[in-house]
Protein chains: 2
Amino acid sequence: MDGKTEGFESWAYCSNSALRRATRQLGQLYDDVLAPSGLKATQYGLLSQIHFNGNPSLKSLADGLVMDLSALGHTLKPLIRDGLLELVPDEKDRRVKRAGLTEIGVEKWQEAHLLWREAHSRFDNAFGEEESAALRNAMNRIASPDFAKTFVADPAKGGGSAS
Amino acid sequence: MDGKTEGFESWAYCSNSALRRATRQLGQLYDDVLAPSGLKATQYGLLSQIHFNGNPSLKSLADGLVMDLSALGHTLKPLIRDGLLELVPDEKDRRVKRAGLTEIGVEKWQEAHLLWREAHSRFDNAFGEEESAALRNAMNRIASPDFAKTFVADPAKGGGSAS
DNA sequence: TCATTATAGTGGCATATACCACTAAATTTT
DNA sequence: AAAATTTAGTGGTATATGCCACTATAATGA
């Protein structure tokens with residue numbers, strides 16, 4: 001770690017950086033496959049969650065995505081602007097807004113979904129089906145509140161100040 | 001996958017989305033640990049790469065990070081503005097600019113590095129040391145040019161058009 | 001019921017990251 | 001060597017994402 005270690009894989013030593021690097025690469029790969037639909041992989045993901053969760057509130061969507069609520073609001077804007085999504089105020093609780101696909105949104109999602117399946121199978125084939133499933137498990141584990149709790153509370157040695 | 005499957009883990013089925021979700025979570029966790037240094041985890045990562053690679057050109061840095069060159073340029077700006085980094089034109093090839101830590105940059109990096117070690121050990125403890133190493137391997141594999149090549153060329157069934 | 005507090009969203013600002021068009025400089029062709 | 005091509009960076013624009021301050025509304029407590 002002294003800057004002159006020849007074989008030292010500087011890109012690989014940090015879990016967080018490694019994750020981001022892989023995410024950039026994979027995002028690129030998925031984006032390319034989804035490109036014909038005009039959607040980015042992130043946008044397909046957003047539409048999918050809204051689709052699968054049936055008009056979720058922004059809050060629950062943000063929680064599920066482990067994303068900041070305001071960040072979610074921002075990322076939804078282009079999709080709303082393009083008429084794929086709409087926000088509907090909840091009847092019971094007027095603070096709440098529910099996201100839903102428009103007709104165009106559903107069509108676009110279906111179109112993108114076909115491309116996504118191609119990307120998905122490419123990934124599984126390139127990475128290995130089992131490894132792929134294991135990877136998703138690992139990712140879900142990291143994204144779980146439980147993991148965050150363990151990470152934060154970790155009483156391990158390493159300088160964890162108790163204050 | 002029809003929207004009403006109760007137990008369906010909608011957040012988990014897509015490798016790309018799963019990766020992003022985990023990346024958001026982990027980024028948050030690392031950011032919190034690094035916060036006292038005033039650096040985000042991404043910025044610590046940038047400084048580290050520059051530190052470990054000894055004044056790399058922006059191009060080689062971008063390649064190593066699997067990042068778009070212009071994106072790299074943009075993310076470096078705040079660090080340059082804050083005096084942690086500087087870009088020095090290469091002598092031999094006047095197209096090239098090399099990034100280097102300033103004195104302040106080195107100090108800041110050292111400060112952040114201590115915090116990073118804490119985050120690193122927390123992650124290892126929470127996720128498991130071996131799983132952690134395996135994860136970094138998996139991430140590095142995905143980030144490798146080889147993987148991208150395989151992904152793109154994949155002749156698997158699923159609609160891969162040969163054109 | 002009224003004041004306090006908690007919850008859901010919005011808007012502004014900042015960083016992270018990509019694409020495109022453009023410039024400058026080096027490399028390759030002819 | 002002049003022209004064509006490739007390479008390295010920059011600046012603009014757009015999406016992705018986080019924090020903070022602020023608003024509206026609901027839930028709680030005195």
Side-chain angles (χ1 to χ4, degrees), chain A residues 16-17 19-32 34-35 38-47 49 56-63 65-82 84-85 87-99, chain B residues 16-17 19-32 34-35 38-47 49 56-63 65-82 84-85 87-99:
Chain A
N16 181 55
S17 298
L19 218 19
R20 291 193 82 89
R21 202 164 73 117
T23 297
R24 282 191 292 269
Q25 171 76 85
L26 197 59
Q28 209 63 35
L29 262 14
Y30 271 65
D31 276 354
D32 287 349
L34 287 178
L39 291 178
K40 318 290 256 11
T42 45
Q43 302 181 316
Y44 162 75
L46 251 2
L47 294 188
Q49 291 311 325
S57 72
L58 296 190
K59 181 60 164 66
S60 68
L61 196 52
D63 286 346
L65 288 165
V66 190
M67 182 181 296
D68 180 83
L69 175 59
S70 81
L72 174 64
H74 292 146
T75 56
L76 292 184
K77 273 178 190 168
L79 297 169
I80 293 171
R81 178 201 58 200
D82 296 343
L84 306 184
L85 279 185
L87 299 187
V88 183
D90 185 282
E91 292 293 302
K92 316 292 179 65
D93 188 335
R94 284 185 300 180
R95 288 171 301 184
V96 171
K97 286 188 185 174
R98 299 185 169 281
Chain B
N16 182 55
S17 299
L19 218 21
R20 292 193 83 89
R21 203 164 73 116
T23 297
R24 281 190 293 268
Q25 171 76 85
L26 198 59
Q28 208 64 37
L29 262 14
Y30 271 65
D31 275 354
D32 288 349
L34 287 179
L39 290 178
K40 317 289 256 14
T42 46
Q43 301 181 317
Y44 162 75
L46 251 3
L47 293 188
Q49 291 311 323
S57 71
L58 296 190
K59 181 61 164 67
S60 67
L61 196 52
D63 287 347
L65 289 165
V66 190
M67 183 181 294
D68 180 82
L69 174 59
S70 80
L72 174 65
H74 291 147
T75 56
L76 292 184
K77 273 178 191 167
L79 296 168
I80 294 171
R81 178 201 58 201
D82 296 342
L84 307 184
L85 280 185
L87 299 187
V88 183
D90 186 281
E91 292 292 302
K92 315 292 179 65
D93 188 334
R94 284 185 299 180
R95 289 171 303 183
V96 172
K97 285 188 184 173
R98 299 185 169 282

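Below, chains carry the letters A, B, ... as their sequence lines are ordered, and counting in each starts from 1. Please read all numbers here as calculations on a predicted model, not as lab measurements.
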### Task
Take B:Arg95 and B:Asp93, measure what salt bridge (Lys or Arg N to Asp or Glu O under 4.0 Å) needs, and give me the verdict at the end.
CA-CA 5 Å; B:Arg95 289 171 303 183; B:Asp93 188 334; 2.8 Å; yes
### Query
Using a cut-off of less than 4.0 Å, is there contact between a side-chain N or O of A:Gln28 and OP1 or OP2 of C:dT17?
no
### Task
State, with a plain yes or no, whether a side-chain heavy atom of A:Asp31 is found less than 4.5 Å away from one of A:Thr42.
no
### Query
Are any side-chain N or O atoms of B:Arg24 and backbone N or O atoms of A:Leu65, one a donor and one an acceptor, separated by less than 3.5 Å?
yes
#### Entry: Minimum-distance pair of heavy atoms, taken over all atoms of B:Ala41 and B:Leu34
CA-CD1, 3.4 Å
### Query
Out of B:Leu87, B:Leu69, B:Val96, B:Asp90, which one pairs with B:Ser57 under the side-chain contact (heavy atoms from CB on, under 4.5 Å) rule?
B:Val96
### Task
Could you check how far CG of B:Leu61 sits from P of D:dA8, rounded to whole Å?
13 Å
### Task
Flag the pair B:Leu58 / B:Leu76 as yes when at least one side-chain heavy-atom distance between them is below 4.5 Å, and no otherwise.
yes
### Message
What is the distance, to the nearest angstrom, from the CZ atom on B:Arg95 to the P atom on C:dA25?
### Response
10 Å
### For atom CG of B:Leu47 and atom P of C:dA16, their distance in whole Å
11 Å
### Summary
From CD1 of A:Ile80 across to P of C:dG9 the rounded distance in Å is 12 Å
### Query
Under 4.0 Å between a side-chain N or O of A:Arg94 and OP1 or OP2 of D:dA26?
yes
### Task
Could you tell me the separation between the CG atom of A:Asn16 and the P atom of C:dT15, rounded to a whole number of Å?
18 Å
#### Entry: Comparing A:Arg98 and A:Asp32 on DNA chain C - which has the more 5′ nearest nucleotide
A:Arg98
#### Entry: Nucleotide D:dA26, atom C1' - distance to CG of A:Asp90 in whole Å
12 Å
#### Entry: Annotated protein contacts, base or backbone, on nucleotides 10-16 of chain D with a non-hydrogen cut-off under 4.0 Å, one of B, S, - each
BBBB-SS
### Query
To the nearest angstrom, how far is B:Tyr30 atom OH from C:dA16 atom P?
17 Å
### Query
For A:Leu84, does its backbone N or O pair with a side-chain atom of A:Asp82 as donor and acceptor, under 3.5 Å?
no
### Task
Round to a whole Å and report the spacing from CG of B:Asp93 to C1' of D:dT6.
12 Å
